[in-house]
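Everything numeric in this text was worked out from a predicted model, so none of it was measured. Both backbone and side-chain heavy atoms feed into the values below; hydrogens, waters and symmetry mates do not. Order of the sequence lines sets the chain letters (A, B, ...), proteins ahead of strands, with each chain counted from 1.
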Amino acid sequence: MSEDKFDAIIVGAGIAGATAALLLAREGLSVVVVERGNYAGAKNMTGGRLYAHSLEAVIPGFAEAAPVERRVTQERISLMTETGCFTASFLNGRPGAPDRDSYVVLRGAFDRWLMEQAEAAGAMLVSGVLVDDLLTRDGRVCGVIAGEDKMPAEVVILADGANSQLLERAGLRAEPVGPRQMAVGVKEVIEFDDKVVEDRFNLLPGEGLAWLFAGLPSGGKVGGGFLYTNKASVSVGLVATTAEFMKSERTIHELLERFKAHPAIEPLLKGGKLAEYSGHMVAEGGYDMIPRLYNDGVVVIGEAAHLVINLGYTVRGMDLAAGSAQAAAKAVIAAKQAGDFSARSLAAYKTFLDDSFVIKDMKHYRKFPHFMENSRLFNEYPEMLEKICAGIFTVDGRAPASMLSKLMEPMKEVGLLNLMKDGLKGARSL
Amino acid sequence: MSGQSAALRVSVEEKLGVDKFHVDESYPHIEVDKAADPADIMTLVRACPAGLYKYSEGALTFDYAGCFECGTCRVLSKGKVVSKWSFPKGTFGVEYRFG
Ligand SMILES: Cc1cc2nc3c(=O)[nH]c(=O)nc-3n(C[C@H](O)[C@H](O)[C@H](O)COP(=O)(O)OP(=O)(O)OC[C@H]3O[C@@H](n4cnc5c(N)ncnc54)[C@H](O)[C@@H]3O)c2cc1C
Ligand code: SF4
């Protein structure tokens with residue numbers, strides 16, 4: 001290795017990139033992270049919930065030092081219609097356990113902290129620099145190009161996120177991703193005075209709520225809404241498949257405003273002040289969308305590799321980003337020891353990833369994206385539950401119907417056969 | 001309705017006003033084809049989270065200044081409407097403080 005050539009250049013200081021940088025630097029590899037934002041996290045947005053297990057394996061007890069907002073102890077899932085909201089709620093009163101816990105995070109602070117851990121281990125961060133292209137020789141990736149600068153490296157780790165511009169350049173995906181494979185998300189961070197969040201959401205100090213919605217937020221189409229509690233703010237937003245906007249009636253902004261104005265939400269946001277509005281894409285094609293993961297001199301990790309489990313009621317990308325970073329770091333460390341960064345050597349990344357929870361979980365939910373495309377889930381079922389509940393809870397002086405018919409009439413409207421089919425399909429895809 | 005919070009019923013422009021952007025006045029990182037099919041344009045009008053695609057009286061106006069760099073318009077337009085899509089140069093563009 002020549003003096004000015006890095007062992008690894010990582011593109012992107014998100015969770016994937018920073019985790020990989022930390023692991024490589026710990027093993028003494030020379031590693032530089034190139035990030036186009038002015039700091040790690042400057043370009044990154046997420047719904048909010050980080051499942052801790054995979055980062056816990058890298059930095060045990062990280063949540064004690066990291067800027068996490070709240071530990072999730074309360075879960076709510078709602079089916080929402082224009083005039084109703086059916087909610088299942090669960091309070092997890094078990095004591096915290098680092099590998100089972102999850103935290104609400106805000107990426108501006110969290111990514112910066114994570115990158116600082118990598119820097120403390122010896123990784124270098126170059127922020128405010130956009131990687132324009134990959135440096136190649138004889139079809140092999142051998143560094144990155146940023147403006148006038150050419151930076152050589154033994155291996156380039158693409159950690160450039162959902163909207164990667166370099167994946168195709170690296171020859172890892174032949175076809176650009178399509179509108180059915182990507183969703184777009186919007187989010188508002190709404191701030192409150194101290195203590196309002198805890199009082200309003202019935203939370204103990206440090207504990208938080210994760211609330212997901214199907215139905216109205218995404219306009220009855222594939223997608224969902226979310227509300228997470230931060231320390232002194234809430235993150236409220238929604239995700240919808242980009243393809244839905246080819247024929248929808250509303251803009252994504254109107255969907256968000258309508259969701260926020262719903263009687264189940266509006267009182268909870270009262271008195272709050274908008275602190276930030278953001279937008280980001282998230283992959284939702286599942287396992288079948290994963291590109292080729294390595295080539296000569298290059299590997300791709302995190303959401304750049306579309307490693308996301310999007311189940312509507314939960315989106316998991318951050319724990320998979322950290323998980324794929326671990327698999328890639330293991331392969332790159334072995335490649336360094338062998339002095340071989342060819343595709344044959346880096347293939348170990350795929351083996352490690354296949355053996356990890358990342359691919360195992362993605363395979364497990366492989367059929368789910370197709371199940372989600374069923375519009376009954378986002379239209380008929382929320383309506384059905386609203387009718388059932390309205391039937392059960394309404395007293396109007398008219399002759400009461402039997403409980404059975406209160407249940408059956410709305411179900412018949414959807415079709416009992418459809419219900420059975422969807423129930424089976426849903427159960428199978430989970 | 002009365003008693004509404006400041007955070008509700010705001011326009012997308014007002015929301016962008018709260019955000020932090022370093023706009024590169026010398027480099028439009030996205031360019032659009034104003035003669036594109038109105039149906040394709042409307043898709044982007046609805047999908048762009050920053051509401052930057054505006055179509056009225058048969059004319060498309062687009063301003064890259066409030067862009068989140070999310071790529072939604074790039075993925076959706078498949079080469080139509082969006083004639084060039086790139087990230088802003090390093091240091092420029094949106095800067096999330098919360099994220
Ligand atoms: C609305 C929404 C809600 C979500 N909710 C959740 C959730 O609750 N839980 C969960 O686990 N996941 C969630 N996700 C998914 C999760 O946010 C992502 O999967 C995760 O952030 C991916 O991390 P990453 O490190 O791979 O990529 P990113 O965090 O996107 O990081 C990529 C980095 O690369 C940089 N970059 C890109 N291109 C270049 C370049 N050419 N040169 C230099 N730098 C570059 C970017 O600036 C960025 O810092 C959600 C996503 C969205 C959009
Ligand atoms: S990249 Fe996103 S925010 Fe920017 S113009 Fe396109 S859709 Fe709008």
| message | side chain to side chain contact (heavy atoms under 4.5 Å, CB included), that's the test. Do B:Arg74 and A:Asn163 meet it? Break it down for me. | response | CA-CA 9 Å; B:Arg74 179 179 64 83; A:Asn163 187 24; 2.5 Å; yes
| field | Side chains of A:His280 and B:Phe68 in contact at under 4.5 Å (non-hydrogen atoms) | value | no
| Should we say atom CZ of A:Arg169 is surrounded by more than 12 heavy atoms from elsewhere, each under 6.0 Å from it? | no
| message | Please classify the contact between B:Cys67 and chain A as side chain, backbone, both or neither, with a heavy-atom cut-off of under 4.5 Å. | response | neither
| field | Structural part of A:Thr241 lying under 4.5 Å from a heavy atom of chain B | value | neither
Atom pairs and distances, donor-acceptor, side-chain atoms in residues 35-47 of chain B, under 3.5 Å, two or more places apart:
residue: B:Asp37; atom: OD1; partner: B:Ala39; partner atom: N; Å: 2.9
residue: B:Thr43; atom: OG1; partner: B:Ala39; partner atom: O; Å: 3.2
residue: B:Arg46; atom: NE; partner: A:Phe245; partner atom: O; Å: 2.9
residue: B:Arg46; atom: NE; partner: A:Ser248; partner atom: O; Å: 3.2
residue: B:Arg46; atom: NH2; partner: A:Phe245; partner atom: O; Å: 3.0
residue: B:Arg46; atom: NH2; partner: A:Met246; partner atom: O; Å: 3.1

| Contact part of A:Lys187 toward chain B, heavy-atom cut-off under 4.5 Å: side chain, backbone, both or neither? | side chain
| task | Step through the shown structure and confirm whether more than 12 heavy atoms of other residues, nucleotides or ligands are within 6.0 Å of NZ on A:Lys150. | result | no
| field | 4.5 Å side-chain heavy-atom contact, A:Pro179 and B:Lys78 | value | yes
| field | Which portion of A:Ala243 sits near chain B, non-hydrogen atoms under 4.5 angstrom | value | backbone
| query | Which answer fits A:Tyr39, side chain, backbone, both or neither, if we ask what part of it has an atom under 4.5 Å from a heavy atom of chain B? | reply | side chain
| request: For the residue pair B:Glu95 and A:Asn38, confirm or rule out a side-chain donor-acceptor distance under 3.5 Å. | output: yes
| query | Around atom CG of A:Asp199, are there more than 12 heavy atoms of other residues, nucleotides or ligands at under 6.0 Å? | reply | yes
| message | Less than 4.5 Å to any heavy atom of chain B: does that hold for the side chain of A:Val129, its backbone, both, or neither? | response | backbone
| field | Straight-line distance of B:Thr91 OG1 to A:Glu35 CD, nearest 0.5 Å | value | 11.5 Å
| task | State whether B:Phe98 and A:Arg107 meet the cation-pi test: NZ (Lys) or CZ (Arg) under 6.0 Å from the six-membered ring centroid, and within 45° of the perpendicular axis. | result | no
| note | One should read off an interatomic distance between A:Met45 CE and B:Cys70 SG, to the nearest 0.5 angstrom, of 9.0 Å
| field | Atom group of A:Glu249 that falls short of 4.5 Å from chain B, counting heavy atoms | value | backbone
| remark: So CG of A:Asp132 and CZ of B:Phe87: to nearest 0.5 Å the spacing works out to 11.0 Å
| Would you say the side-chain atoms of A:Tyr277 pair up with the backbone N or O of B:Glu13, donor to acceptor, closer than 3.5 Å? | no
| task | Tell me, out of A:Val186, A:Thr242, A:Leu256, who's got the most heavy-atom pairs with chain B below 4.5 Å. | result | A:Thr242
| request: Measure from the side-chain N and O atoms of A:Glu276 to the backbone N and O of B:Gly99, and report whether any donor-acceptor pair falls under 3.5 Å. | output: yes
| message | Tell me whether A:Lys231 at atom NZ has more than 12 heavy atoms from other residues, nucleotides or ligands lying less than 6.0 Å away. | response | yes
| field | Worked verdict on A:Arg36 versus B:Glu69 for side chain to side chain contact (heavy atoms under 4.5 Å, CB included) | value | CA-CA 12 Å; A:Arg36 65 191 188 89; B:Glu69 303 146 33; 2.7 Å; yes
| query | Rounded to the nearest 0.5 Å, how far apart are CG of B:Leu76 and CE of A:Met182? | reply | 10.5 Å
